[in-house]
Structure formats: structure tokens, C-alpha cells
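Below is one structure, written out as C-alpha cells; the observations come after it.
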Amino acid sequence: MISLLLSMLRARRGQALVLALLSLFAVAAAVAAPAYLQAVDRSIVAGQVETAAARERSLSITATVNARDADGFNFTDVAGGLVDLPGFDRVYGADFPAVGIEPDRVRASRVTYRQDTCAHLTIVAGRCLAGAGDVVLGEQTAARLRLGPGDPITLTFAALGGSNSQPTYVPDGTPARLIVAGTYRPANPAETYWGGHGYFDLDSAGRPGEPVFTGAATMAAMDHGTTTLSVDVTAGPAALTAAGLPDTRRRLAELKTRATQLGQGLVVTTEMPRLFARIDASQELARHSVPTGAAPLLLLAYAVLFIAADYATTGRRPELAVVALRGARWWTRWWLTLGEGLAAILLGGLAGCVAGQLLVAALVAWRFPGVGAPVFTVDALRYAPLALLGAIAAALVAQRRHLAAPVAGLLRRISRRAAGWRVRTGEAVVAVLAAAATVQLFLTGGSLTGVAIVAPALVILALALLTARAVTPLARFAGTRALRRGRLTTALAAFQLSRRAGAQRLILLLVAAVAVLGYAVTATDLAARDRDLAAQISTGAPRVLTVASVGREQLLQAVRAADPAGAYAMAVVELPAGRPGEAPRLAVDTTRLAAASTWLGAYGDTDPARLAERLRPPVRDAGLTIPGQDVTIDATVTGARPDNPVALKLVLAGPHGRANVDLGAVHNGPGTYQQRVGDCADGCRLVGVHLTNLEPAATATRLTVVLNAVRTINPARTAATGAQLADLARWRSADATLTAAPDGLRIGVDAPDGLPHGAWVQPAEVPLPLPVAATAPAGTMRGLDGLDIPVTVAARLAAVPRLGLDGTIVDLEYAERLSTDSGIANAPEVWLGPAAPPDVLNRLAAQGLVVVGDTGIADARARLAAQGPALSLWFHVLAGALAVLLAAGGLALVIAVDRRDRRADLAALRAQGLPRRAAARVALWTYPALVLAAAPPGLATALIAWRLTGWALPVFGEPMPALPLPHWPTGPAVPLAWLLTLLLLVTVAASTARATTPPPHHPRPATN
């Protein structure tokens, strides 16, 4: 029997090869999906680690230790023993406060040791650290204190003392005489080396922090008490890899546990879990997306295998009839029928286990070079047995009706059609499953779980079945119409298609294949456009610089000073979070909006230059500048009560930020309220006058304060006289009543419940309600200080840079003038336009800004392209290409199997007088015409399936704001893929059909 089976395989090696190839496709699809996911997992890890922020690739262990009483605690040994992370680099550091060079005790110098500091500093003057007693000072600190290389200084360890309201640093150690070796600026404040210690954050005066760096020997020699010790551990190039990630996670968890158990005040700080969570989320999205692309290919492979097995067995029906007539037992008939096909399917399945992984390896090498994914893994074969069983089941179902047919049925040239109710029941089941999967997608918000994973495949199959169902009546109608018009060739081709059951199957196959590739190309094309749009909107500008903590006004003025022409740079800050449901908001220097932002058509038809004019309408210059540091207020008070004191406070904006000036409690009668504000030596702008209760449990407050003058005594100048202050058009108030008095501005306060938030009087420097540009109407919003301000929508936008479909833009300078807080910027940034010069970072640094992050549209694109959703879509393209190859092979098989019957039919027609030329055209163009008829429905099926299910395919591997994403492909990718597919299938159909052209007809000679 085995020899007979081998003989059958040799005799029909072409059919056996086709079945083996189809089985190979089915198993390869099942193997390729997990193999591709393994490669994607590796690529996700590599991409996420490469684009991760420095703080997400490092951890810090800190402890606060009294160096005078360490109790034998050796931080270096303990921390070094804790950090057992292969591939991570360590940097040890220590710092403590000291006094001696700052002019007052309100601020302390931060004496800092950091391992290998000089390699990460740019020495501006002098040299770096060389021996004991050397220190280096920051460039701005040295200039402010008039110190330079070679100057001696004295530093003394300091402890925090003074009162809670006015803390100061007091000396607490033996003074140390040191030498300034040089001055520095950090080479890159954002690099991983500096960890998360905030060395260069703003100090209490609003100036960039500049530690006094020294060596380990100097640090040990200085007398000091409480010291912050640290070790920063940073991942090296090979530390965070896909293979080593599980071990790194385990060790990190153990490190935190051991640090807690050891006590000693050890604190482990790291943002690596955020990186791990992002990797997990991206990999999870890929695990849902890749099977969605594999499902239609697998179903199509089974469909083609079914057709191939059916056609192969149909060609053997006379042979099976002879076997049955000779009285062979049923198991012999079954073996002779099934054995040949099963042997080919098994061989093809084994080859598919290898081919699937080789195919993925080639794709990965092309799209993700350097990932290092293994070519062959056992884990990739876990679905191969199921896929092979599915292939065998498809072949058995296809051959069942031939095995059950009687001898008379096997000898018929035209086999009976399958029972209509079975076919219709199967089609109904597919339609119900497609509808259920689609409904589940909508009900779960696009979650690709359960049957929803195969929703695209089921929708494509259902629509292809519907198209195939329409072939017979349409072909019959076309044939009748062509016959009436005398188009014999067209009529014969149409009638052949309408009479053959194989035509419906072929239409099903072709429509599904074209749809699978069209769906994949649509998904890939739209996802690429989505990522590009998201990169442009989420960044807001071609290049975005993140700035260390800085005051809003300082940021605004520094950027304007670095770019005085307003040609490329714009200051940007985020407003604090508002009430639940309130849209996020950005405050930008709108005078530079057109030059610095990436303004897209998706934002609406508002020109950014005109938008800036609407957000900055001309206003009266009502500002009040105090010209010196000895700020003095002359005021007359009535209604003040000793049991309910009310404080008079000022908020002033100076060149280094804002200052809150407490002038003390007011008292009845005329008085002078004075305070020295060092930051106002070069002048300050009055932000607001604040009256507030000094006692927490304040009672009803009723008093009147008349501001008679605002002046300074050193120099002796008057900023505003009583008559100038009495101009009510210059002021606005909150929780206070303003009236003009003969000798100044009268402020009336009547607060039955006290002043929990105080009463404010501010210069009317900006319009109120404040004009904003927003995506939705709004009457109020939270300002920069977190207080509600009235707004008016000066321009409606369809979307907002950085914020997407839900957001608001306000002018930074106008919003800043309205705010009453300390003025520290929330998430300060500088947006740079395409005209930014190469030395823009130096220009900003010269204005005191410390850039800690530098990104742009290209970086955002690369980050999004390295995430799971983007990587998984390439598998969809691979599946689509294989689907077209499957369709081409199935098409060639059907034409080849039909060859004998069609030649016989055409020969009979030739005997009845059909011209040879007409017969040749019928033979040649029947199946190419079928391809041409199936291609448009295939494209329509792809687009319908996309509209129903494509929205659920993940595009981004990280949370994104609501974006105006396109829903339909508009580029050339989809039409080009469709045309290439059509050209391939028509070529296969035409070249295969040439062999069916009937031979010349030779009439039989007449006999007597």
C-alpha cells in the first residue's frame, strides 16, 4: 500500500506539490505569528530603552548621615553591596550646606563631591580639581560674587536655624580655607550622570543652582555634620535587553526589599518601573495586533486548501469509481483517496515549521536590524500542530462528498452541487460570527480580546461570501445580455462561469485575498500618517527644549533676550490642572507663535499671526515699577482691630523671579510700611497688593486702607503718588472695593467670614475677561496661580498644539500679569522653529536657562515607530502579501484542474462551428475577466472591513491626547498595492489559461 501511495505521489506530483505548499502556508502562518512576536518583543525593549529618559534608566540610593556620629555605618560598602545589577555603572556622591561666600545666611552654598566630576563639566576659566583644597564655582555664581581662579575662600558647614517664618543657615563647624581652581558650566545638565539630585535647579532666589564642586579628599577633610550620601546606578548599553530584563526586574525588587530591611535611612529612588510598564503595555498591544493579522491569512490558507483538495479529488473521480467497482473495502477506498493528500499535507506542514521562521527572520533582518532575534525557537512552534490539524480537517471536509458518492455519481462529468441549505447555513454562521465580533469590538471600546481578535478576518470572509453569492446571477445576466447583442465570446465566458461551482469559490478566494492585502496596507498607511500627525501635534514645534525649574517671567524675558527678533524661539508653560473636565491649557508667548510652532491645517483655518493679535489686544500701560530695593508704602488705615490683625503684603516681580514681601500687620491711622527686597535693587514690577488675616481662625473683617504713595528711600524716589494711585482705571480687585480718595486709592474690605484667601488689588495691565483660543466655549478657567479668572474665547480652534482636540491657548505674558503666586513655571519649555541657529543652546544658557531636555518631531516619530503597535503592522503587510500569493496559487490550480473539462467543452463547440479564434478568446480571457471582476469588490471589502474594525487596531503604545486622526487612506499606497495585486493575478490567470486553448478542429471524413 505504501508503494502504491508513493506511485500515486509520483504520478500526480504537481497536485501533491500544490497541497504541500498550501499546507506549508497554513502552518507557516501559525508559526510566523509567535516567531514575529518574539522579535517584536526584543525590538520593543531596544526601542523603548533607547528613547527612554535618563531617569528611567537609572536608580539612586541615598542616605542622610551625620559624619560626626556615623556609628560605623559605611555607606559606600552598604550601597555597593546592595547594587547587584550587572551592566550598570555606579557614581558616588555627597553634599552638605555651607556658608561663607554668600552675602547673607538665607542661602547656603551646596558643597558637593561627585565621582569623576571634571569629565562632565566645561571649565570656563582656570582649571578643574587637582588636589586637596580645590573647588570649582559655577560661572554665574563666580561672576555674582566677583570670584575667579586663584581666589581664596572660606566655607563652614552650616545647619538650618532661625525661625519657621524666616529660616537661616548658621555656621556649625570649623571653617575650611579653600582655593577656587576654576569656574564651570555643566556640559549637559540633562545627562544621566547627574541623576535626579537637582544640582542645577533654581535656588530660593530664582537663580540656577550651581554647586561648589570639590574632591573626595577635600570633602573628607572639611568638618561637617549631616551629609546626604548617594550612589547613582545607570544602565549600560547591554544592561536593559530583552533577555536580561526579567532578571533586572527581579534584582530591582530584591534591592528595594533589602534596603528597607537594612534601615539606616536608605532610600531607593528610580523611575525604571515606568519604563518597564511602558514596555509591558507595548508588548501587550502587539500580542493582540499580530494575531489579528495572522487570522485572515490562516483562514484563506484553509480555504485554498479546501478548494485544492476538492479539485484534486474531482480529477480522480473516475479512478475512484474504478476502485469502487472492483469491490475494494471502504477503508481501502478511504486510504486511496485520503492518503495521497494527507502525505503531501504532512510534508508541507513540516516544511512550514521551518519556512515560517525563516520568513520572519528575513522580515526582521530587513525592518529591525540589530534586534538579534533567534531564527529557530521551539516556542514559535506551539501553534503548528493546531494549524496542521486544521489543514488536515480542511482536506477531509473537501474530500468527504467524493468518498460518500455512489459509483454513478463518481462517473458523472458534472458533479452535483452541494446541498443548498448546508451552504446557506454555513454562510449564515459566518455572517453571525462577523456581526458578533464587530459588536464586541464596539461594546468593549476596541479591545482585541476573544472573538474580536478575528473580527477583521470574519468581516472580510462574510463580505467575500456575499460577493461570491452574487457571481452566478450576475454572470448569467451578463451572458444573456452579451448573447442578445451578438457578443459570442463574452456570452460563452459568462455562461461558463455561471455554470461552474468553482467560479464562486474562486471569486471568494480572490475577493478575500485582495481585501486582506488592502486592509493591511490601509492599516499600515494610516498608522504611519497617524504617528506623523501625533508627533507633530504632541511636540507642538519642530524642536522642544525642556528647561530646569525657572520663573515664568524669567523664562519669558530670557527667551526674548536670546531671540530679540522673535524669529525662532517661544516660551511655553503649562497651566495647573483645572477642575474635573476642564480642558488642559498652555500659556505661550503668542508674539512668536507663527515663528516657533508647527501650525497644522488640523488646528483650523486661523492663521497663527492673526491668532496672536486676538490673544494680545492692545491695553493701557497701567503697570507700576518700584525703582529700588527699599520698598515703602504710605497708607492710612481705619477699622483695624488688634484681636483680628490683617497683614499688608506685596507680590513683586524682579529680574530673577517673584518676591513675596510681608510688610506686617496694618494699624489705624497714617503709617509707613517698609521692607528691603534685595532682588529689587534694579527695580521690580508690582504684581499685586494683598490683604489677609494673620490668625487662622479669623472673624469678620471690615477695614479701609488708603494707599497714599508707593516709593523707595534708597534711592529716594516715588513710584506713584496718591493722585496717580487714585486713577481707578489702573486697578482691578478681588474681594475688595476700590474707590478714589483725595489722597490716594481707597481699598474697602467687608468680609463677614474673614479673608481665607485674602483680598487682592492688581494693576489692570491686561484685558479682563482674558482672551483665549480654545476648542470649546468657556466662561472661566484656572489661571497660572490656580485661581479662577474670567475668559472670553477670541478664536475657536479645531485642535491645539500639544493638547489635541481638547485644549486652550492663552498668552503667557498676559496670564502672568494676572497671577498672584510665586511665579515658578509649571513644565517650562522653549519651542524652536525651523530658523533656530546651531548655537541656540548657548544663547539660552547665556540668559541663565538650563536646558535639561531636547527633543523634536523626529524623536517623537522614532519613539512611536519603535512601539508595539507600529512594529506589529508589518506582520499584517506580510500576511497580506502571502494572501495574494495564495490567491495566485489557488487561481492557477483551479484553471489547471478545469483545463481538461474546458478543452472538452470548447472542442465540442468547435465541432458545432465555433470559430477557433472565438474559442481561443473564451479560453484565454474567462479567468482574467473573473479577476478583473473580483478586484473592485476586493478593494471595497477591505475599506468596509477597515471602517468597521480598523479603528480598534492600536496605533500608539503610550497614552496620547485626543487627536484629529484621519480615518481613510488618501495617499498612493492603497491604490498602488491594489493595482500591483491586480496585475499579478491577471498575469497568472492569462498565462495559465493559455494552455487551455483547444487544438485545431479536424472534421471526421465521411464514410460510406
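Nothing fancy with the numbering, it's 1 onward along the sequence.
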Any donor-acceptor N/O pair, [X] side chain to [Y] backbone, under 3.5 Å:
X: Ser282; Y: Arg278; result: no
X: Thr775; Y: Gly807; result: yes
X: Ser43; Y: Ala39; result: no

Compare every heavy atom of [Y] with every heavy atom of [X], then report the nearest pair and how far apart it is.
X: Ile507; Y: Ala468; answer: CG2-CA, 3.6 Å
X: Ser872; Y: Val290; answer: CB-CG2, 3.5 Å
X: Pro936; Y: Leu932; answer: CD-O, 3.1 Å
X: Val884; Y: Leu985; answer: O-CD2, 4.2 Å
X: Val516; Y: Ala883; answer: CG1-CB, 3.9 Å
X: Leu943; Y: Pro969; answer: CD2-CG, 4.3 Å

With Glu284 via salt bridge (Lys or Arg N to Asp or Glu O under 4.0 Å) - residues at least two apart
Arg287

Once salt bridge (Lys or Arg N to Asp or Glu O under 4.0 Å) is applied, do any residues pair with Arg249, and if so which ones, sequence neighbours excluded?
Asp280

Donor-acceptor contacts under 3.5 Å from residues 430-438 side chains, at least two apart:
unit_1	atom_1	unit_2	atom_2	d
Thr438	OG1	Ala434	O	2.8

Residue pairs passing the side chain to side chain donor-acceptor pair (under 3.5 Å) test with at least one member in residues 442-454, sequence neighbours excluded, are Ser447-Thr449

Measure the CG-CG distance between Leu300 and Leu517 for me, rounded to the nearest 0.5 Å.
11.5 Å

Pairs under 3.5 angstrom only: tabulate donor-acceptor contacts from the side chains of residues 947-954 to other protein residues two or more places apart or in another chain.
unit_1	atom_1	unit_2	atom_2	d
Thr949	OG1	Tyr519	OH	2.9
Thr949	OG1	Ala945	O	2.7
Trp951	NE1	Leu948	O	2.8

Return yes when atom CZ of Phe956 has more than 12 non-hydrogen atoms of other residues, nucleotides or ligands closer than 6.0 Å, and no otherwise.
yes

Could you tell me whether the side chain of Leu252 reaches within less than 4.5 Å of the side chain of Met272, counting heavy atoms only?
yes

Side-chain heavy atoms of Leu346 within contact of Leu350, under 4.5 Å:
no

Review item, side-chain donor-acceptor pairs of residues 291-298, under 3.5 Å, at least two apart:
unit_1	atom_1	unit_2	atom_2	d
Thr292	OG1	His288	O	2.9
Thr292	OG1	Ile453	O	3.3

